[in-house]
Protein chains: 2
Amino acid sequence: MKARSERPDSVLRARLAGTGHRLTKQRLRIVEAFANQRRYVSARQLHARLRAQTNNIGLATVYRTLETLRELGLVTTSQHDGETLYLFCAPAHHHHAVCTHCGRVDDVPCRAVARFERMLSTGLRFRLMQHQMEFYGLCARCA
Amino acid sequence: MKARSERPDSVLRARLAGTGHRLTKQRLRIVEAFANQRRYVSARQLHARLRAQTNNIGLATVYRTLETLRELGLVTTSQHDGETLYLFCAPAHHHHAVCTHCGRVDDVPCRAVARFERMLSTGLRFRLMQHQMEFYGLCARCA
DNA sequence: CTGAGTGCAAACCGTTTGCAGGCTC
DNA sequence: GAGCCTGCAAACGGTTTGCACTCAG
């Protein structure tokens with residue numbers, strides 16, 4: 001929620017180096033371009049934004065970088081209209097409240113998941129291994 | 001949960017006629033092919049299954065029919081690996097427990113959603129309009 | 001008999017991949 | 001320097017669309 005906005009490049013460098021990856025100008029620019037916005041973006045949107053800046057970045061590089069970041073746990077994806085949307089977010093937390101008006105994405109505290117889990121295992125006799133939830137509505141600002 | 005397995009064609013005919021659609025052999029065959037299985041299938045899988053039967057059905061027809069059924073509220077979709085998966089299911093219930101072993105899909109009773117909603121509106125000050133959840137694990141049979 | 005529905009093939013579009021050259025480590 | 005990374009363009013794969021024909025109402 002806060003640690004990420006400090007020093008994109010040092011954080012990123014450490015994370016990449018630890019996994020045998022390199023810190024390139026392109027990767028840095030891509031991360032800067034969407035690290036601090038709490039919203040889902042498509043690869044094409046990101047590419048368009050970067051293209052507007054300075055010299056060129058290939059669309060394929062955007063895709064490859066996003067996939068790398070996803071492997072590193074820095075990015076979550078979501079599908080929408082046959083398009084993959086990417087969100088720079090804290091690892092291992094997959095409940096998001098998406099504002100349908102401004103697009104802002106907030107993390108959802110999910111204590112209630114444990115309750116769900118109990119209900120499933122007793123009621124349905126279903127052993128929950130993984131869940132995926134997405135919430136849409138209006139954030140505090142837009143309500 | 002049960003009404004659908006009775007008479008696919010009469011139910012379907014009524015639903016289609018009421019919305020200005022026609023009951024064709026193809027639509028009937030498509031519905032029969034997956035109405036009673038509680039699992040997500042892709043258009044291609046469905047098409048392959050139908051092709052194995054008797055005379056041909058075009059893949060495009062499968063897509064168009066699935067889209068029509070979705071508009072009628074008889075089918076829910078989910079994305080997986082860039083593919084759209086379709087589930088014949090009760091309208092207006094969007095919480096499913098998917099068995100990762102056998103693929104069976106059960107409805108999830110979701111009383112707890114109200115609790116979530118309350119938490120979101122007070123804690124995050126987020127006005128929940130829509131939510132989408134999917135649960136993966138092992139069903140009673142496979143556990 | 002009219003037009004919604006169909007089969008086929010081509011078009012579409014988001015994503016991936018092959019390859020020659022570049023730049024990080 | 002070695003080889004990971006990049007840009008470009010072509011390939012890929014799921015889905016949609018145009019068109020002439022068919023058949024349900």
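In what follows, every chain begins at residue 1, and chains take the letters A, B, ... in the order their sequences are listed. All values reported here derive from a predicted model rather than from experimental measurement.
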Problem set entry | For A/E67, salt bridge (Lys or Arg N to Asp or Glu O under 4.0 Å) partners two or more places apart | A/R70
Problem set entry | Between A/Q79 and A/T84, a side-chain donor and acceptor under 3.5 Å | yes
Seminar exercise, completed: Apart from B/M129 itself, its cluster of hydrophobic side chains linked below 4.5 Å comprises none
Exercise. Can you check the B/E71 CD to C/dA4 P distance for me, whole Å?
Worked result: 14 Å
Problem set entry | Listed partners of B/R104 passing salt bridge (Lys or Arg N to Asp or Glu O under 4.0 Å), at least two apart | B/D106
Exercise. Taking five pairs at each end of the helix from C/dC1-D/dG25 to C/dC25-D/dG1, what angle separates the two helix axes (nearest 10°)?
Worked result: 40°
Exercise. Taking CZ from A/R29 and C1' from D/dG7, how many angstroms apart are they, rounded to a whole number?
Worked result: 13 Å
Exercise. If you look only at pairs with a residue in residues 72-86 of chain B, which of them pass as a salt bridge (charged side-chain N to carboxylate O under 4.0 Å, His left out), with sequence neighbours excluded?
Worked result: none
Problem set entry | Test item: A/T19 side-chain N/O and A/L16 main-chain N/O as donor-acceptor pair under 3.5 Å | yes
Problem set entry | Nearest-Å distance for atom pair CD/P, residues A/E83 and D/dT16 | 14 Å
Seminar exercise, completed: Whole-Å distance, B/L59 CG to D/dG13 C1', equals 11 Å
Exercise. How close or far is atom P of D/dC12 from atom CZ of B/R44, stated in whole angstroms?
Worked result: 14 Å
Exercise. Hydrophobic clusters join Ile, Leu, Val, Met, Phe, Trp and Tyr when side-chain heavy atoms are under 4.5 Å apart, directly or via other members; which others share one with B/V105?
Worked result: B/Y40, B/L85, B/L87, B/V98, B/Y136
Seminar exercise, completed: Atom CZ of B/R27 and atom P of D/dA24 are separated, to the nearest Å, by 12 Å
Problem set entry | Results of ring pair (Phe, Tyr, Trp, His ring centres under 6.0 Å) for A/F34 - residues two or more places apart only | A/F88
Exercise. Does a side-chain N or O from B/T84 land closer than 4.0 Å to OP1 or OP2 of D/dT15, or not?
Worked result: yes
Problem set entry | Any A/N56 side-chain N or O less than 4.0 Å from OP1/OP2 of D/dC8 | yes
Seminar exercise, completed: Rounded to whole Å, CD of B/Q26 lies from C1' of C/dA4 at a distance of 12 Å
For this session: Ignoring backbone atoms, establish whether A/Q79 has a side-chain N or O less than 4.0 Å from OP1 or OP2 of C/dG14.
Result: no
For this session: Linking directly or through intermediates, with side-chain heavy atoms under 4.5 Å: list the remaining ILVMFWY members grouped with B/L138, chain and number order.
Result: none
For this session: Determine, for nucleotides 18-25 of chain C in 5'-to-3' order, which nucleotides have protein heavy atoms under 4.0 Å from the base (write B), from only the sugar-phosphate (write S), or from neither (write -).
Result: B-----BS
Exercise. B/L28 CG to D/dC23 P: how many Å, rounded?
Worked result: 16 Å
